[in-house]
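Below, chain A is the first sequence line, B the second, and so on; all start at residue 1.
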Amino acid sequence: MASENEGMANPSPKLPPVIPPVPPPVVESSLPDVRPPPLVADLVPLAEGRLHPFTLLLTVGQALRSFLIPLLIVLFLGRRTEGAVFFWIALMMGLSLTYSLIRYFTFSYRVTANELITTQGLLGRLERKIPLSRVQDVRIEQSLLQRLLGVVELQIETAGGKGVEANLSVLSITEADRLRTLILAQSGRSPENISAAPTASNSEGIPISQNVLCRLTMGDLVRAGLTSNYMASAFVVLLVIWQKLDDWLPESVYAQLARIMEQSVHQASNNGHSFSWLMALGIGLMLLLVGLVFSVVGSVTLFYGFTLSRVGEDLRRSYGLFTRRSSSLPRRRIQVLRIDEPWLRRLLGLATLRADTAGSAAGDDNEEKTGHDVLLPIARREVIPPLLPELLPALSEEQETEWRKVSPCGIRRGFVKGTWALLALSAVICLVGQSWRGLLAMALLPAVYYLNVQAYLHLGYRLGDNFFWSRQGWLSRKTWIVPLRNAQAIIVHQSPLDRWHKVAGIRVDTAGQTNTGGAPHLLNVPAKEAVELARLLARKAATLRYRW
Amino acid sequence: MTTTLDHEEAPLRRLSPQVIRLWRLNQALSSAFWIGGTAIACLVLAWNRVIPLPLAVLLFGAVLTLRLFLFFWHPRRAYENWGYRLDDKVLEIHFGIWWKTIQLLPLSRLQHVDLHAGPIERAMGLATLTLHTAGTHDAILVIPGLDATEAARLRDELVAKGGDDGV
């Protein structure tokens, strides 16, 4: 296995070498065409096999690990009931092991021209057939332990159901890669993809596809960590640690701390400083610093060596310091693309790219932990526009169209809403504080107005031949790109207040919305324009072919 | 937005007027429950002097007015605001009295169509059409209160027009 001598310092992806995808028969190529002729031969397996024998080792390890804690508890606590509990634990472990053994020995898979078929079960047999044309995402994951053993996990995602539809755990690296190449080549067997070029791999077998689109450096990852929202989770971790420490630390430590504090307060007051402010500031800064360290560490371990490349028609992401992940997403599966610029990143000129497929698991909060929710975790803003045609090829043929603004009545409506909120705030402060000072809150009115003007200026949409664009946000900005061939329905709605202002809201519904939130809700579009826009969108969508 | 949509002028097709009766019947059933329930609750509360009698009368009056309003006024207005329009590529559904909505469905996105009629609907010769897309928020579009034969015809037309774009 490649990673054994390379160690973890090498940012190049440790995942298996790329075997050139099977070229479609129309393309003249020196590579062997392993695809059988259609019809009867569609049933002949192109690949078949069983899981790697290390599966056994790993499942035994897993069983041991999950029973380790109960065992330890019994060892430390139990005296009288020891024998019985040992018996039960041994029984459970035996059952779990037997189950794993049966699963391993009965599990087999095969890939035919159109389907991936997995079979398992001794008494009740389960055979699952996944049509290759429905495959949304092929992932290869490799935990630290699996890396030591030189095996990987292959996960197949389709549009149906939640999460992963087929999990081949574990396979040898070469087998996993062979399957991935085969599945992706077969799944993309439509006329549009015939030009998909096979990829080259260099002598060392490290995948160098023809198009590395983006590679993140250590600096990028540190920047990503510093500007990410891991901060909140880091604080939570700290809080938990402190709570744990609180139980362990003897009272004397607190007494000691109190004495030190008292002394410094004394000193500080002698110097004429306000001590409590300093202390609070110091603690705040410390927390911030530790939080930042946590986020940077989190970002680096998750996205270490991130490479986004295009292998034929598939977008491949490989990343991870300990657990290496690789995900191959056929680019025609992208339903919505979103460019995110949260305020901190926007200030620094950075952006994040998110994409949704119809297979994006709804409600799967693992997406964030595994990094599957972002297509590109971080990049300089100017890197993104040239990258877009690589992700959505039709963008390169798109005519440049102007951004259109919605009705400026949005400023007034936003301002009125803000005024009411401020009035309520003032009233609360006046009542609670029993003074007129609450009215000072009204001094924020100009700021509210300014914010609404900026929000109006940065809100807009753009309709091209094949794409619907929209963007919103001044401090934090989001830009959505919806390929019209993926628009499922267009909704125009109008509240009584909207009708008063002669405006309406418009929404484009798409199949995948987990990571991007779907297309945005454009409010305050002049009513006539909204209906016309919706009709135009619907007609365009109807004439473009939908692709899962 | 210079494109003129020639189909724009086509009038909306209406639901079957029978649907007003259906909705009235539904309202009558739930109104009976609500009005009866409120009457009993108000009586019990006023009898036990939990709330003063005028308040109980006011409460009952409010519920009664609301239910009468929903029974007499709402079904007709809802019917007047429902409509749909089908051309060769797009189905448009309009509804809403105060909060108005227009749903536009590109026919090639249609995944499947359900035709449903409950016992009361069937007795009145009505049916409900439910359209499914692969979308998320607006994956299910509904046209209620269609004449049963018209609903079947519309379903066949939708399936025929949407059928060419298999996924």
- Message: B/T101 vs A/I491, test: side-chain contact (heavy atoms from CB on, under 4.5 Å). Steps then yes/no.
- Response: CA-CA 7 Å; B/T101 306; A/I491 315 293; 3.8 Å; yes
A quick test of your reading: do over 12 heavy atoms of other residues, nucleotides or ligands sit less than 6.0 Å from [atom1] of [X]?
| X | atom1 | value |
| --- | --- | --- |
| B/F72 | CZ | no |
| B/R21 | CZ | no |
| B/R76 | CZ | no |

- Message: With a 4.5 angstrom heavy-atom cut-off, is it the side chain or the backbone of B/I97 that approaches chain A, or both, or neither?
- Response: backbone
- Taking non-hydrogen atoms and a cut-off under 4.5 angstrom, which of residues 138-146 of chain B neighbour chain A? B/D138, B/A139
- Message: Let me confirm one number: the CH2-CZ distance from B/W99 to A/R499, rounded to the nearest 0.5 Å.
- Response: 9.5 Å
- Item | 4.5 Å side-chain heavy-atom contact, B/L104 and A/R535 | yes
- Task: Just do the salt bridge (Lys or Arg N to Asp or Glu O under 4.0 Å) check on A/R539 and B/D87 with the steps written out, would you?
- Result: CA-CA 10 Å; A/R539 273 199 102 64; B/D87 64 23; 3.0 Å; yes
- Residues A/V531, B/I102; criterion side-chain contact (heavy atoms from CB on, under 4.5 Å); working and verdict: CA-CA 8 Å; A/V531 175; B/I102 308 176; 4.0 Å; yes
- Under 3.5 Å, is there a donor-acceptor pair between the B/T136 and A/D509 side chains? yes
- Item | Smallest separation among heavy atoms of A/A489 and B/P106, with atom names | CA-CD, 4.2 Å
Backbone N/O of [Y] and side chain of [X]: donor-acceptor pair under 3.5 Å:
| X | Y | result |
| --- | --- | --- |
| A/R507 | B/H137 | no |
| A/Q488 | B/A134 | yes |
| B/R109 | A/A541 | yes |

- Message: For chain B, which candidate among A/A504, A/A534, A/S495 shows the most heavy-atom pairs at distances under 4.5 Å?
- Response: A/S495
Only pairs under 3.5 Å count here: list side-chain donor-acceptor contacts from residues 517-525 of chain A, not counting sequence neighbours, and write none if there are none.
unit_1, atom_1, unit_2, atom_2, d
A/H521, NE2, A/H493, NE2, 2.6
A/N524, OD1, A/R413, NH1, 2.8

